[in-house]
Amino acid sequence: MDDKLSRRDVLQRGAAFGALALVGTAACGKEQPKALSCADTTSLSSADVQVRTSLGYMDISNQPGKSCSGCQQFIPGPPNACGTCKVVKGPINPQGYCKSFVAKTA
Ligand code: SF4
């Protein structure tokens, strides 16, 4: 049995691999779901913005295991939308966090 690849074999396999790469790239080119942003404070009073800022609200938690969705103060919104909070005014990201985090109890 001849294990050598002919030039034709190499070119054909290379073309097939290139076609697969193109298909894969096209599939990956699908639009990714946009990350939820709940950082718009334009409708808030300056006092409410100040509370939000002083409590260190952030749209994405930097505290492992602590996020608004797991906080007693969080009021969920519709699916894939911002919720609200009993302490911090304005839109609240379920993945957010602030210094007033209190873990939900079971
Ligand atoms: Fe999120 Fe803070 Fe409100 Fe808890 S108190 S839901 S951590 S903003």
Side-chain angles (χ1 to χ4, degrees):
M1 186 172 178
D2 188 12
D3 288 339
K4 289 183 180 177
L5 291 173
S6 70
R7 181 181 169 147
R8 173 176 285 175
D9 290 338
V10 171
L11 289 173
Q12 284 176 339
R13 291 178 189 190
F17 180 76
L20 278 175
L22 279 175
V23 169
T25 301
C28 290
K30 281 185 181 173
E31 205 167 296
Q32 297 294 318
K34 205 173 169 188
L36 180 63
S37 174
C38 304
D40 181 7
T41 58
T42 53
S43 64
L44 297 179
S45 69
S46 59
D48 287 342
V49 171
Q50 195 170 6
V51 169
R52 194 174 167 104
T53 303
S54 66
L55 290 177
Y57 172 77
M58 57 187 73
D59 221 28
I60 300 294
S61 175
N62 64 0
Q63 303 292 312
K66 295 180 179 178
S67 62
C68 294
S69 63
C71 177
Q72 286 184 13
Q73 312 298 348
F74 184 65
I75 302 166
N80 302 316
C82 304
T84 57
C85 173
K86 297 172 191 166
V87 177
V88 177
K89 301 287 186 249
I92 301 294
N93 193 319
Q95 303 304 313
Y97 173 79
C98 88
K99 294 175 190 170
S100 290
F101 175 87
V102 179
K104 282 182 182 171
T105 53

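Whatever order the structure lists them in is the order used to number ligands and atoms, beginning at 1. Atom set for the values below is all heavy atoms of this structure, side chains included, hydrogens, waters and symmetry mates excluded. Quick note: residue numbers are just sequence positions, from 1. Predicted model, so just to flag it, every value in this text is computed and none were measured.
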With a 4.5 Å cut-off on side-chain heavy atoms, are Val88 and Lys99 touching?
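When only atoms from C-beta onward are counted, Val88 and Lys99 do not touch, as no gap falls below 4.5 Å.
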What atoms in ligand 1 come closer than 4.0 Å to a heavy atom of Phe74?
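Going through ligand 1 atom by atom, the ones under 4.0 Å from Phe74 are 6 (S).
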Looking at Phe101, which atoms of ligand 1 are within less than 4.0 Å of one of its heavy atoms?
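Going through ligand 1 atom by atom, the ones under 4.0 Å from Phe101 are 7 (S).
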Same cluster (ILVMFWY, side-chain, under 4.5 Å), Leu55 and Phe74
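Yes, one cluster joins them.
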Would one find more than 12 heavy atoms of other residues, nucleotides or ligands at under 6.0 Å from atom CG of Asn62?
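Yes.
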Counting only heavy atoms not in Gln50, do more than 12 sit closer than 6.0 Å to its CD atom?
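Atom CD in Gln50 is not packed in, count stays at 12 or less.
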Steps toward disulfide (SG to SG under 2.5 Å) verdict (Cys85, Cys98)
CA-CA 11 Å; Cys85 173; Cys98 88; over 6 Å; no
Starting from atom 1 (Fe) of ligand 1, locate the nearest protein heavy atom and write down its residue, its atom name and how far away it is, to 0.1 Å.
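Ranking protein heavy atoms by distance from atom 1 (Fe) of ligand 1, first comes Cys68 SG, 2.3 Å.
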Among protein heavy atoms, which lies nearest atom 3 (Fe) of ligand 1, and at what distance?
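Closest protein heavy atom to atom 3 (Fe) of ligand 1: Cys85 SG, 2.2 Å.
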Do any of the N, O or S atoms of Cys71 sit under 2.8 Å from atom 3 (Fe) of ligand 1?
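Under 2.8 Å: Cys71 has no N, O or S contact with atom 3 (Fe) of ligand 1.
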Within 2.8 Å of atom 2 (Fe) of ligand 1, is there any N, O or S atom belonging to Cys98?
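Yes, Cys98 qualifies, because one of its backbone or side-chain N, O or S atoms lies under 2.8 Å.
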